Student: 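Sharing a structure below in structure tokens format, with a few things to ask.
Below, each value reflects all heavy atoms present in this structure, side chains not excepted, and no hydrogens, waters or symmetry copies. Remember, it's a predicted structure, so these values are computed and weren't measured experimentally. A note on names: the letters A, B, ... follow the listed sequences, proteins ahead of strands, and every chain is numbered from 1.
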Amino acid sequence: MSKVPADLKYTKTHEWLRTLPDGSIEIGITDHAQHALGDLVFVEVPEAGRAVKAGEPCAVVESVKAASDVYAPVTGEVTAGNPRLASEPEAVNTDAYGGGWLMRVRPTPGGATAALMSPAEYEKLQQEEGD
Amino acid sequence: MGRQTPLFQLHQELGARIVDFGGWDMPVQYSSQIGEHHAVRRAAGVFDVSHMCVIDLKGGRVRPFLRTLLANDVDKLTRPGKALYTCMLDESGGVLDDLIVYFLSDSGFRVVVNAGTRDKDLAWIRRHAREFDVGVLERAELAMLAIQGPEARTKAAKLLSRVGAATALELDTFVGREIEGWFVARTGYTGEDGFEVMMPASDAERVWRELNSLGVASCGLGARDTLRLEAGMNLYGNDMDERTHPFESGLAWTVAMEPRDRPFIGRAALEAVKAQGSSRKLVGLLLEDRGVLRSHQKVVVPGVGEGEITSGTFSPTLERSIAFARVPAGTAQQVQVDIRGKLLNARVVKPPFVRFGQVLVR
């Protein structure tokens, strides 16, 4: 069973969200998602300053086998892409909720947000997908 | 649910992720695809390739039959047990399949064809065998294990008696023979030394477990794909098919145009191609920028034209992306690949990328 930390929010497309003290949102992919993808070999994260829209692709994670889009869960401006992933994409496999974060976004006030799930709801989704 | 090999239960027990491959439920990886890849380059791994289709051909005229059926010439095979890699073409020179043919005796040959092309191949072979009175017998009851890597042969030989092991270890490259009820061949699809062993299905699970206990890693189709690409070996359906001929698929070396009076199927079409010159060629690519090459990405050759990636992946040995691409014949050294709308730089290289653990491209 994949890990689903209790202090995060989730999307049905397997991103996680963490609200940071300054109000920005840290975003990554879940343990379930990294496990399904397998060994990651390339991660493309957006640069600071880029505007992202909720529900649209904003990053790409590639395993040996395939490339997958990561969808922005909120509308806003990217404040940072995780620079470590350029040389260590495997950090997403080994530390999906920590050192493997993908980007930080400052949400646009009143901007759109994807439908978010609680940890319990996300665990249920995982089970349905056969984790 | 697809077809299952005799090892399906064991794959599940070992925690494999199962995927559909040519209508078969096959293990794509057990733990880590990259870990399995390195196990084969550095030590030894075992693959379940029982989905591949083994066909025995018997009859007094089996040799002239195969000299008609196959683009390579089985007359190159003079020693019993010797194997040959070849394409089977249609009349237009398109590749119906690639296969390995073993010369067993003057009246018996064995061919191993791809799982995804089994029905088509059997129908084609049977249709042409009639005229030569050659019997076509599928050996679906056999399991096949590929044991590959620098330590593969010595480890696999431990499963045989002392005499059997000595016989197996004396096999030359691309030679197979019956040993203690198994057909052991020094062949493979990884660019490493090793055996492919055909055996009764009832032996397969015990053999797999014994290999595991000897330190031979269970490996899935994922690692098999990255290993074969590094080794510069084509994958049917990706790198060639009925719509392409061998000369534009990096397979000219497998076509025996000499002797000129051997009338194999597809010969006339290939002679026409040869007279005109091929307009396309299959090349190796090394990605110089960061990213991963994938099949069907567009290749831009400045001033020459466009091509397409046929197989692409991240190479665990080179730690960068590699690919095969079909490009215009005039393509020189430098190309660009369109990855999600960005043009990234790639260099044309001559495969193989890796052989016997050594990187061969720079």
Side-chain angles (χ1 to χ4, degrees), chain A residues 1-3 14 29-47 50-53 56-72 78 81-96 100 102-103 126-131, chain B residues 12 15-21 26-41 219-230 235 238 287-297 309 311-323 337-342 344:
Chain A
M1 191 58 157
S2 303
K3 282 176 283 201
H14 307 289
I29 64 167
T30 64
D31 191 37
H32 172 73
Q34 70 76 17
H35 189 255
L37 289 164
D39 298 321
L40 292 184
V41 294
F42 176 72
V43 177
E44 188 178 289
V45 295
E47 284 174 19
R50 183 174 142 190
V52 294
K53 276 173 86 175
E56 292 190 353
C58 60
V60 178
V61 288
E62 299 207 32
S63 66
V64 187
K65 204 71 198 152
S68 303
D69 285 320
V70 178
Y71 298 92
V78 175
N82 185 350
R84 179 183 168 189
L85 301 181
S87 57
E88 289 177 73
E90 66 274 16
V92 177
N93 291 117
T94 55
D95 193 10
L102 297 180
M103 74 198 88
Q126 271 186 188
Q127 281 165 12
E128 285 163 9
E129 293 195 355
D131 185 45
Chain B
Q12 284 197 312
R17 184 173 307 152
I18 304 291
V19 298
D20 172 72
F21 184 82
M26 296 299 290
V28 66
Q29 68 170 63
Y30 295 82
S31 50
S32 152
Q33 184 173 335
I34 292 179
E36 291 162 27
H37 180 106
H38 289 317
V40 172
R41 286 274 176 259
C219 297
L221 293 182
R224 187 167 160 83
D225 191 53
T226 51
L227 287 160
R228 69 93 192 166
L229 225 167
E230 284 186 353
L235 173 63
N238 272 44
L287 187 63
E288 296 183 314
D289 294 325
R290 290 183 59 247
V292 185
L293 302 168
R294 307 279 184 191
S295 53
H296 305 304
Q297 286 169 349
I309 304 274
S311 289
T313 191
F314 173 82
S315 157
T317 306
L318 279 74
E319 293 187 308
R320 59 200 289 193
S321 186
I322 60 172
V337 182
D338 185 336
I339 302 183
R340 292 183 289 274
K342 277 186 226 163
L344 303 186

Student: At a 4.5 Å cut-off on heavy atoms, which part of A/Val60 comes close to chain B: side chain, backbone, both, or neither?
Tutor: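 A/Val60 touches chain B through side-chain heavy atoms alone.
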Student: At a 4.5 Å cut-off on heavy atoms, which part of B/Ser32 comes close to chain A: side chain, backbone, both, or neither?
Tutor: both
Student: To the nearest 0.5 Å, tell me how far A/Asp69 CG sits from B/Arg340 CZ.
Tutor: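 With rounding to 0.5 Å, CG (A/Asp69) is 7.5 Å from CZ (B/Arg340).
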Student: Would you mind checking which part of B/Arg294 comes under 4.5 Å of any heavy atom in chain A, side chain (CB onward), backbone (N, CA, C, O), both or neither?
Tutor: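 Interface part for B/Arg294: side chain.
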Student: Quick one: NE2 on A/His35 to CZ on B/Arg17, what's the gap to the nearest 0.5 Å?
Tutor: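 Result: 5.5 Å between the selected atoms.
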Student: Indicate the atoms forming the closest heavy-atom contact of A/Val64 with B/Phe314, along with that distance.
Tutor: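 Heavy-atom minimum between the residues: CG1-O, 4.1 Å.
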Student: What is the distance from atom CD1 of B/Ile339 to atom CD of A/Glu44, rounded to the nearest 0.5 Å?
Tutor: 9.0 Å
Student: What is the minimum heavy-atom distance between A/Lys65 and B/Asp225, and which atoms define it?
Tutor: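 Between these two residues, the closest heavy atoms are NZ-OD2, 4.3 Å.
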Student: Anything in residues 84-96 of chain A with a heavy-atom distance to chain B below 4.5 Å? Please list those residues in order.
Tutor: A/Leu85, A/Ala86
